[in-house]
Every structure is written in C-alpha cells, then in structure tokens.
2 protein chains.
Amino acid sequence: MTKLIDVAKAAGVSIATVSRVLNNPETVNADTQQRVQQAIKSLNFRPSRVAQRLRSKGGNSKIIGLVLPDIQNPFYVDVIRGIEEVMYEHGYAAIMCNFAQDEKRERLYLDILKSESIDGLIVAPVHGRDQKVAGLVLSGLPIVCIDRGLTGVEADVVLVDNQQGAYDAVSHLIKLGHRRIAYISGLPQIPTSRARLAGYEMAFRENELVVDEELIKYGDSKHESGMKLTEELLALPTPPTALFTGNNLITLGALETIHRQGLKIPEEIALVGFDDMYWSISLNPPLTAVKQPGFEMGKRAAELLFQRIKDPSRPTAKVVFDAKLQVRSSCGATTIKTS
Amino acid sequence: MTKLIDVAKAAGVSIATVSRVLNNPETVNADTQQRVQQAIKSLNFRPSRVAQRLRSKGGNSKIIGLVLPDIQNPFYVDVIRGIEEVMYEHGYAAIMCNFAQDEKRERLYLDILKSESIDGLIVAPVHGRDQKVAGLVLSGLPIVCIDRGLTGVEADVVLVDNQQGAYDAVSHLIKLGHRRIAYISGLPQIPTSRARLAGYEMAFRENELVVDEELIKYGDSKHESGMKLTEELLALPTPPTALFTGNNLITLGALETIHRQGLKIPEEIALVGFDDMYWSISLNPPLTAVKQPGFEMGKRAAELLFQRIKDPSRPTAKVVFDAKLQVRSSCGATTIKTS
DNA sequence: ATGAAAGCGCTAACAG
DNA sequence: CTGTTAGCGCTTTCAT
C-alpha cells in the first residue's frame, strides 16, 4: 500500500504538506500543490480511511452506520437507496446492518458501529424507548431516526403520518360499505404499529362504528405472520369482509393465504395494504395501498444527518411526509389510477 | 470512550495484558484474566475496531465489503441476507455498496473499501473482465465473486447454472407449443445475460427451431427497461406469443406493460421469468419462474470468504447451484405447484 | 506470565 | 508556506 511518505518522497516535500493538499489545499503553494497532486496521481495514492478515522475523531471519517429492521421489506430498500444516493455524492460509505426485527441483533450492531467510530447513524429503532439508541444520542453521536421516532430524547426524525395513512385506508373501506374490517398489525411495541392502529380506530369512531377486538391481530411484520394471521381471521365464525394489512410483507402474506384458499378479491374479501410497491399494479388484483415515499425519506434523512454532523448543536428537526392512498382494485371497482 | 489504558488501570495490569486477554486469553494467568474481565465488564469496554484495524493488517479487522449491482432486485436481497446470517455469527460487519449497475460507482466503492482495510470482499463484478476487481484479487485481498465469475484470474465464485435454468424455461415454453419466444436480456456484457441467452439458444437448437433475432432485446436489467422492451416486442408486426424475461425486475416491468395493454396471460402472451420471488404466487397470474437459491448462495459465499481469509493460499472453489423452474400458471394451464 | 516500547498511517499543533 | 513531531488506540516483539 502506498502511503503519505511515498508521495512525500516522490514530490520532494514532507508528509505534512501532502496531508495539507489532501485536506486544506488552499494553505499550500500552487506549484507545490501541483507537484504533490502529480505524485498522488502517478502513485495512485489513496489515504487510509482507517488511519484518518483513528487520528481525527468525529466528522470526517466519511463513514456512517445504517441500522434497519428488515431488508426484505421493499420500503426499507427504497429508504436505503435514498440514503445511498446522497451519501454517494458526498463520498461517504455506509456500514449496513439489518437487525431483522431482533433487538439482540440491533444491540450487537450498535456496539460494532460505535467501535467503528462512525461519523453518524441513521436508524429505525426497534421501539420507541430504545435505550441503546437513546444512549448513543446522549453520547453526542449524530443520529437521525427514520420511520420511527424515539420518546424521551431529542433526535432528528423523518417519518410518515402513519395515523392519517391508516385512517384514509380504513375510511376508504368503510365508504365502500365494509363494516367487519380486520387489521393485521406488526408488533405493538413498534411505534408505527400503534399509529396505524390509531388511524384504524379513528376511522371507526368518526363513522360511529365500533371496533371488534377479535378482528385485530398482532404479528411480527413478516410474510409468514401475514399468512398465518389471515388464516386465523378467515377461520372466524363470522370472518371479516375486508382486511387492512399493517405493512408490505404482511400484505403479501395475506394475499398468499387468500389465493391459496381460492377466495376472490374484492368480492369475497377486500384488501388494503400499508406500503405500496412499484409492482402493486401487477398483483392479483392490482393492490390498493398506502404509499410511503421511501426514497425521498431516505434522502431527507441523509441530508439531515450531514447537517447535524456539520453542526451538532442545531435544533432537532421532525420531518413528516404524507402517506397517500393509491386506489387500485383490491377493494372493489373504482377508477383505476395507474400508480 | 473507555480504552485499554482505563481497563489496565482498573485491573492493575499493563495494557499489553489487557490486549492479551482480548486476543490470546490462554497466554494469561487465570486469575489475572478474571480481574481483567471484571474490569472490562464493569467499564463496559469495547476495543476500537479502527485502532485494531490500523495496527494489525489483514484478517482480524472483522469487517468485509459487499459490492452488489442492484439492491432493488430481491435476488440480491436474499444474497445479502444469506451473507449477513453467517457474518453475524462471526461478529463481522459489512460495508454494503450498491453500485446500481454503474461501473463508475463500482470503482469508487472498490476504492473506498480498499482504503477501509477490509478483511475480504464479496462482489458481483459489473462484467467478466472487471480490471478493478481483478487487480484486487491479484493484490491478495480475499475475494469471492457471487452471481458472476471473473475471466482471467483465479477467484472463488458461487453462482447458478444460468444456461441450464434458461434452457429449462424456454424448453417449457416450446413444449407448450410456443415458437415465437422473445427474450428480454440484461446488458450483454454481464456474464449471466450471456449464459441465459446461451440456454435460450440451446433450447431452440435442440428442438430444431431457429432463433429470430428480432425477438431478442437488450436492456439494463431494470424495471423500466422491462416495460419499454416489452412494448417494443408487442408492437412488432408479428408479436411474440411468449416472453422469457432475463431477471426479476425485467419480469415485473413486462408484467406491468402487459397489464396496461390489457393483454391476457397466458392466452395472449405467455411469460416465464428468470428469478423467482416468494410472492410470485400472488402475481397476476401466478408466475412461472426460474428460482435461484439466493439465500443459500449468500451463505456459501460468506463461508468461502471466511475460509479464504483464514487460508489465503487454498485452491479456489467454484460452487454452482441449480436453478429450478417453478411452474405456476403464467405459461398456460398446468399443475400449479405451490411454491 | 507480564511489562515496556515501537509503531500502524495519518492529522494538527507548533516551529521556523 | 512548509517541516517536525506528538499522538489517535491498539498489537506485538523483546525483555524481564
């Protein structure tokens, strides 16, 4: 590996000067700069980011951590792409950690990231009272939360108005005449699960309808739980006429169960999902779903993080995006908006 | 941040001893070890991975690089999950880089990873003659290629028999009576594109059929190109009666175009895709597709990488998985195997 | 079995 | 404007 000293020799200067042209070119004579740049180029030199990181703590190690609950969920994939987009422009890299909705795993990754001396962290905490993340925030590490906020500590956060999104979805179902509407939720300790439940209940309340608790099921937000809980729901003495699924993966699981049982959507059971996918239109039937702008959310989160790294004392921001209902045909005949 | 010296003081030993209990516990007295462990625990000490990395080059920095073409493709997501699974067990972290099929991006990321002093790299090179990756292999960095091999240099590789997979898919179509079968490929410089084309041609040859070149289209393996090329194909004077799509994303794009045009699958156009998705059964219609075991491939790749890190001189391995055709109903009525 | 000390490659005072 | 030098936190001889 070629290093500072090699470049220094080649250019006939000291390593300090080389370091300077790397970090503060303006403090170096134009022609010295030239010679050094030459040497750098011809030796194909790249400074060791590890050594840089060890030396200068905080803010210029050009690496951040990314801790997300489930990489199988296309929503998070969009978030990742958004984050990556702006990081790429800044020459940053990300250490990506997928904790698969498992708190133990989240903690391990957080420990690793900490000892990697990252510049900042974008995280969707396992739950609102995530002590590990809270501790990191308090320790001064620049952090922005995505998708899920943190209670009790100040931190930047970008998310969607989950309650309103769920409210719109369920209202849509109610308007279509449905009364027995089931909700398949993710784990209740996840803030988004609760906000979506609140939206569901609000829609009932506003229509002076009463929620039937047996129609609310909790799972772990994965495909399998979507399948299983849909089975349970369909096996009820009086099964629901409509299903509101709490996320992407649950929706796909519900669809699978419904298809396996040969039920017709929306005639025998209607379906709205939280989280849209760009191929929702190709599902059977084209899925009506609440769309979160994952890509934009990711970009915004990364921008917030960079701002906070630059100015750690700036006031925290809370960015709330709208969740929009995409009406297709899984709830009944309506105008089919092409996604 | 608590560091070696803090622990050393707390335990009344030197930093060297603390380092020893961390790395070679057996070379330390049992009771000294006890005291040090105590101190570590009570101070909640974690060694700085950055310092470790800087100091001891190669093989124990516990971080690897992951460079993949497209995180939106569920196949690579499965690969990532597989890799992550075994890395998690070993306490490793990954720097994940998604180059979005863009060679410039791939190069930047490779440079970054190099200067991060990673222990090893798992990569799906942009193309077979990727000089950057080849150079890294030659430089001695432990590397395993996934999904796509490298020509001209020896490197571990794990992939699928793409030719056979494509052959099976197209043969299936031919058996069903199709003759005008289009193939929507990814970029021709990607090895998998070529192997799948070879399978397509082989199926024609074996059935004494002749390939119509106008039915072969090349795109960039993304959703949009799937949509666009399908439009072109359908606009032909004599459009194809069947479509073989070169990957996941192309398939989804093709489906979207077909649905927008209101065509019936498989009556008006049949469809087989390369790459299965776990929700293929919920598509309209349930998709017949060639399945790659992404998760297993990822696990295998990570295992190979660990072995190579441990023993850099071991002979290179080439692991070939089978690609299996999952018959559902997008090519015509057949027994529907539940995925 | 343990400690002292020399770096890993770089940045940031501090001198000149 | 440029060079010298002291570390960043750790591992690893080399002594003891």
Side-chain angles (χ1 to χ4, degrees), chain A residues 1-37 39-40 43-63 91 111-119, chain B residues 1-37 39-40 43-63 91 111-119:
Chain A
M1 247 208 80
T2 118
K3 39 198 197 187
L4 273 192
I5 184 85
D6 302 316
V7 179
K9 276 179 188 154
V13 296
S14 76
I15 59 169
T17 300
V18 181
S19 175
R20 281 191 193 98
V21 338
L22 250 31
N23 304 298
N24 308 83
E26 65 280 4
T27 69
V28 166
N29 243 354
D31 46 323
T32 322
Q33 216 178 118
Q34 281 291 315
R35 286 210 318 282
V36 175
Q37 290 290 12
I40 289 179
L43 290 175
N44 191 24
F45 167 77
R46 316 240 166 238
S48 157
R49 294 167 62 115
V50 180
Q52 291 181 312
R53 206 114 50 87
L54 181 58
R55 187 52 236 249
S56 58
K57 318 248 57 175
N60 50 343
S61 63
K62 302 269 190 188
I63 195 153
D111 277 340
I112 289 182
L113 289 176
K114 197 173 154 192
S115 74
E116 282 288 351
S117 307
I118 52 174
D119 278 352
Chain B
M1 246 210 80
T2 117
K3 39 200 197 184
L4 273 192
I5 184 84
D6 302 317
V7 179
K9 277 178 187 154
V13 295
S14 75
I15 60 170
T17 300
V18 181
S19 175
R20 282 191 192 99
V21 339
L22 250 30
N23 304 296
N24 308 84
E26 66 280 3
T27 68
V28 164
N29 245 353
D31 45 324
T32 322
Q33 218 177 115
Q34 281 290 317
R35 285 211 319 282
V36 175
Q37 292 289 15
I40 289 180
L43 291 175
N44 192 24
F45 166 77
R46 315 237 167 243
S48 156
R49 294 167 63 115
V50 180
Q52 289 181 313
R53 205 113 52 86
L54 181 58
R55 186 55 234 254
S56 58
K57 320 245 58 173
N60 48 343
S61 64
K62 301 271 189 186
I63 196 153
D111 277 340
I112 289 181
L113 290 175
K114 197 174 154 192
S115 74
E116 282 288 349
S117 306
I118 52 174
D119 278 350

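Source: prediction; values computed, not measured. Reminder, nothing fancy here: chain letters follow the sequence lines and each chain counts from 1.
Computed from coordinates, the Ile5(A) CD1 to dT11(C) C1' distance equals 15 Å when rounded to whole Å. In this structure, Lys62(A) places its NZ atom 16 Å from P of dC10(C), rounding to the nearest Å. In this entry the distance linking CZ of Arg35(A) with C1' of dT2(D) reads 11 Å, nearest Å. Going from atom CG of Leu22(A) over to atom P of dT2(D) covers 15 Å, rounded to whole Å. Rounded to whole Å, atom P of dC10(C) lies 13 Å from atom CZ of Arg46(A).
Taking the side chain to side chain contact (heavy atoms under 4.5 Å, CB included) definition, one finds that Ser56(A) meets it with Asn60(A), sequence neighbours left out.
The side chain of Thr32(B) has dA1(C) as its nearest neighbour among dA1(C), dC10(D), dC10(C). Distance from the side chain of Asn29(B) is smallest for dA1(C) among the nucleotides dG3(C), dA1(C), dG9(C).
In terms of heavy atoms, Ser61(A) sits closest to Ser117(A) at OG-O, 3.5 Å. Closest of all the heavy-atom pairs between Gln33(B) and Pro25(B) is NE2-O, 3.0 Å.
Across all strands shown, Val50(A) has no heavy atoms under 4.0 Å from either base or sugar-phosphate atoms.
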Could you go over nucleotides 12-16 of chain D and give all protein N or O partners under 3.5 Å, atom names and distances?
none

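At dG3(D), one or more side-chain N or O atoms of Ser14(A) fall inside 4.0 Å of OP1 or OP2 (strictly under the cut-off). Close to dT11(C), at under 4.0 Å from its OP1 or OP2, lies a side-chain N or O of Gln52(A).
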message: Apply side-chain contact (heavy atoms from CB on, under 4.5 Å) to residues Val21(B) and Ile40(B) and explain how you reach the verdict.
response: CA-CA 10 Å; Val21(B) 339; Ile40(B) 289 180; 4.2 Å; yes
task: Determine, step by step, whether Phe45(A) and Leu22(A) satisfy the side-chain contact (heavy atoms from CB on, under 4.5 Å) criterion, reporting the C-alpha distance in whole Å, the side-chain angles of both residues, the deciding distance to 0.1 Å, and the verdict.
output: CA-CA 11 Å; Phe45(A) 167 77; Leu22(A) 250 31; 3.8 Å; yes
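When the local axes at the two ends of the helix from dA1(C)-dT16(D) to dG16(C)-dC1(D) are compared, using 5 base pairs at each end, they differ in direction by 40° after rounding to 10°.
Note that CD1 of Ile15(A) is 11.0 Å distant from NZ of Lys9(A), once rounded to the nearest 0.5 Å.
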